[in-house]
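In this chain, numbering begins with 1 at the start of the sequence shown. Everything numeric here is computed off the predicted structure, so don't read it as measured data.
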Amino acid sequence: MPSSLLFRTLICALAGLFIAVDSLWMPSLAETNITPTLNSSLCQLCHQRPPLDIVEAGGGHQTKITCTDCHQGHPPQQLEIIPACQLCHVAKPHYTLDSCLSCHANPHRPLEVTFPERTTGPCLTCHEGEGVALRTHPSGHSQLSCTGCHLTHGTPPACTECHQPHGNGMKQSSCTGCHDAHSPTLLEYRRDVSSTECGSCHGEVLVRLNESDTRHAKLDCLTCHLSRHGTVMDCGGCHGTPHSETTHNQFNRCQDCHNEAHDLSI
């Protein structure tokens, strides 16, 4: 037998021997009933970006669950590894919506929301009160979609992006001090709104008040006009009935003698 053929025969014999011995002392996983298990540490060996996203902006996905709570298995043994969001998210109207990924594009950064154009219905499943306000107090805002103003979730736009301010120097806080964006025609203002801000619309009235030599000139507008626009406090709320009964019976309105509250005269 040629030496080369003898060498090849010897190699094949040794390989067969190693396989036979290996099968004797290393049984298959099926024979030992051992099931390989996944854990998050193993996931990160191949999938590096999703764990980084979760650490940066995972919200509850970082603190309440692990990779294998959502991804239960791995190809080729398990092919359906992307779960439905409703597996965990239940019991709220928002969670019954289809196409979660149209707004929550990256489930590993679930609170970074991007909106499709002209979106309203899905928004109102969480922000129901805003929808009620828009319907109850119709305005131009009621004709807009939510994403017509809210381009980024959680960040309201400045009013002056669309609206000219009433006066110079007005800031966003000046707008929201009187107007709620979802019911802008219902003016209910904060107690700290200044007379100067009122004067941006009611300039002539403020001038008359400031030029008056009565104690009314020292009062803020909200002292008499309370919290809702258009509310006029009755003079008797502060002054009671300062004159005789005969005088009050003769003159039904204080303004019959005292002109008007911003420019008192007799």
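Residue pairs that meet the salt bridge (Lys or Arg N to Asp or Glu O under 4.0 Å) test with at least one member in residues 103-118, sequence neighbours left out, are Asp53-Arg109, Glu56-Arg109, Arg109-Glu112.
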Any chance you could lay out the side chain to side chain contact (heavy atoms under 4.5 Å, CB included) test for Ser195 and Leu206, step after step, and finish with the verdict? CA-CA 8 Å; Ser195 295; Leu206 185 60; 4.2 Å; yes
Does Tyr95 form a side chain to side chain contact (heavy atoms under 4.5 Å, CB included) with Cys85? I'd like the steps, not just the answer. CA-CA 8 Å; Tyr95 298 151; Cys85 300; over 6 Å; no
How far apart are the C-alpha atoms of Cys146 and Thr119, what are their side-chain angles, what is the distance that settles it, and do they pass the side chain to side chain contact (heavy atoms under 4.5 Å, CB included) test? CA-CA 6 Å; Cys146 294; Thr119 299; over 6 Å; no
His141 vs Ser183, test: side chain to side chain contact (heavy atoms under 4.5 Å, CB included). Steps then yes/no. CA-CA 8 Å; His141 288 190; Ser183 51; over 6 Å; no
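The aromatic rings of His153 and His127 sit tilted relative to each other, their planes meeting at an angle between 30° and 60°. By the 30° and 60° cut-offs, the orientation of the rings of His258 relative to His243 is parallel.
Annotation: side chain of Gln172 is in contact with side chain of Cys159 (closest heavy-atom distance under 4.5 Å). Within the 4.5 Å cutoff, the side chain of Ile65 has heavy atoms near those of the Cys70 side chain. Under the 4.5 Å side-chain criterion, counting only non-hydrogen atoms from C-beta, Phe251 is in contact with Cys257. By the 4.5 Å heavy-atom criterion applied to side chains, Pro157 and Leu151 are not counted as neighbours. Proximity of Asp180 to Glu188: side-chain heavy atoms (C-beta onward) are nowhere separated by under 4.5 Å. Looking at heavy atoms from C-beta onward, Leu264 lies out of side-chain contact with Asn259 at the 4.5 angstrom threshold. In this structure, Glu211 and Val207 have side chains that are in contact, with non-hydrogen atoms separated by less than 4.5 Å. By the 4.5 Å heavy-atom criterion applied to side chains, Ser200 and Met170 are counted as neighbours.
For the pair Ser244 (side chain) and Thr247 (backbone), a donor-acceptor distance under 3.5 Å is present. A donor-acceptor contact shorter than 3.5 Å is absent between the side chain of Thr147 and the backbone of His150. The closest donor-acceptor contact from the side chain of Ser99 to the backbone of Leu101 lies at 3.5 Å or more, if one exists at all.
Looking at every heavy atom in both residues, Pro107 comes nearest to Ala105 through CD-O, 3.6 Å. Taking both residues in full, the closest heavy atoms of Val193 and Cys198 are given as CG1-SG, 4.3 Å, listed atom of the first, atom of the second, then distance. Residues Leu209 and Ala261 share a closest heavy-atom pair of CD1-O, 4.4 Å. In terms of heavy-atom proximity, Thr120 sits nearest to Ser145 at OG1-CA, 3.1 Å.
Aromatic pair His202/His225: ring centres not closer than 6.0 Å.
A side-chain donor-acceptor contact under 3.5 Å links His94 and Thr125. No donor-acceptor contact under 3.5 angstrom links the side chains of Thr223 and Asp220, judged on distance only.
The line from NE2 of His179 to NE2 of His229 is 8.0 Å long, rounded to the nearest 0.5 Å. Rounded to the nearest 0.5 angstrom, Lys171 NZ and Thr176 OG1 are separated by 12.0 Å. Interatomic distance, CD of Gln62 versus CD1 of Ile54, reported as 8.0 Å (0.5 Å rounding).
Arg208 pairs by the salt bridge (charged side-chain N to carboxylate O under 4.0 Å, His left out) definition with Glu260, not counting sequence neighbours.
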